[in-house]
Amino acid sequence: NAGVTQTPKFQVLKTGQSMTLQCAQDMNHEYMSWYRQDPGMGLRLIHYSVGAGITDQGEVPNGYNVSRSTTEDFPLRLLSAAPSQTSVYFCASTLYRGQVAFFGQGTRLTVV
Amino acid sequence: AQSVTQPDIHITVSEGASLELRCNYSYGATPYLFWYVQSPGQGLQLLLKYFSGDTLVQGIKGFEAEFKRSQSSFNLRKPSVHWSDAAEYFCALIDSNYQLIWGAGTKLIIKP
């Protein structure tokens with residue numbers, strides 16, 4: 001049982017480059033979300049989705065786009081990377097909102 | 001405003017000693033509360049949760065937490081820590097919009 005799978009685990013980008021962080025879950029969860037983790041700040045919600053075709057902004061959405069074309073996949077796109085986006089990114093899924101969240105292993109992104 | 005506070009950024013404990021990690025919350029009603037653990041380079045794993053009922057909650061790996069409404073606290077405890085418990089611990093609650101609100105985390109260091 002894979003759970004929540006994130007790729008890549010590590011990435012270095014140059015300022016202005018774009019990339020997509022992949023997230024897939026095999027638990028048939030409706031709710032998926034993306035967080036960034038910065039030292040001393042806990043996790044901050046970037047975007048979330050309550051089901052296929054539905055996405056919404058979280059606390060820190062600027063500079064990121066998401067889409068949810070299937071229940072399983074929830075990619076996060078950085079359109080023009082900035083050094084302020086250097087962080088560790090986590091994808092999480094939940095059967096329904098308000099339930100226990102399952103997390104991927106994280107993607108450590110460095111923007112130079 | 002809804003918030004979670006973990007007052008201790010770092011805690012150092014000797015192996016075999018008891019542990020208590022503090023978590024205070026601000027929420028207007030009875031919250032849903034969680035403790036997650038993050039081992040180095042890993043994602044977050046649920047230790048335990050409190051939704052309702054018995055205020056002393058048992059979790060995995062020998063951890064427990066006690067919900068105290070009068071003190072707005074949900075402290076995590078373990079009677080005897082092991083070197084493998086070295087990790088970062090996060091307290092979180094679910095807010096009125098079903099979003100997770102996170103504390104900043106407490107890093108646990110184990111002395112041999």
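Everything numeric here is computed off the predicted structure, so don't read it as measured data. Heavy-atom basis, side chains included; hydrogens, waters and symmetry copies ignored. Lettering of chains follows the sequences in order, A, B, ..., and the numbering in each one begins at 1.
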Problem set entry | Atom CG of A/Leu79: over 12 foreign heavy atoms under 6.0 Å |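 Yes, enclosed.
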Exercise. With a cut-off of 6.0 Å (strictly less than), are more than 12 heavy atoms of other residues, nucleotides or ligands near CZ of A/Arg108?
Worked result: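 Atom CZ in A/Arg108 is not crowded, with 12 or fewer foreign heavy atoms closer than 6.0 Å.
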Exercise. Is chain A contacted by the side chain of B/Leu44, its backbone, both, or neither, given a heavy-atom distance below 4.5 Å?
Worked result: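 For B/Leu44, heavy atoms of backbone and side chain both lie under 4.5 Å from chain A.
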Exercise. For the residue pair B/Tyr98 and A/Tyr31, is the inter-centroid distance of their aromatic rings smaller than 6.0 Å?
Worked result: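 They do not qualify: ring centres at least 6.0 Å apart.
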Exercise. Do side-chain atoms of B/Tyr36 reach the backbone of A/Ala101 as a donor and acceptor pair under 3.5 angstrom?
Worked result: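 Flag set: sc B/Tyr36 to bb A/Ala101 pair under 3.5 Å.
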Connected via hydrophobic side-chain network under 4.5 Å: [X] and [Y]:
{"X": "B/Leu46", "Y": "B/Tyr25", "value": "no"}
{"X": "B/Ile110", "Y": "B/Leu47", "value": "yes"}
{"X": "B/Tyr32", "Y": "B/Val57", "value": "no"}
{"X": "B/Tyr89", "Y": "B/Ile11", "value": "yes"}

For this session: Search all heavy atoms of B/Ala104 against all heavy atoms of A/Gly40 and return the closest pair with its distance.
Result: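 Taking B/Ala104 first and A/Gly40 second, the nearest heavy atoms are CB-O, 3.4 Å.
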Exercise. Shortest non-hydrogen contact from B/Trp102 to A/Tyr35?
Worked result: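 Minimum heavy-atom separation between B/Trp102 and A/Tyr35: NE1-CE2, 3.4 Å.
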Problem set entry | Option in A/Val100, A/Thr94, A/Leu45 with maximal non-hydrogen atom pairs under 4.5 Å from chain B |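 Most heavy-atom pairs under 4.5 Å with chain B: A/Val100.
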Exercise. Does the side chain of A/Gln37 come under 3.5 Å of the side chain of B/Gln38 through a donor N or O and an acceptor N or O?
Worked result: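 Yes - a donor-acceptor pair under 3.5 Å links their side chains.
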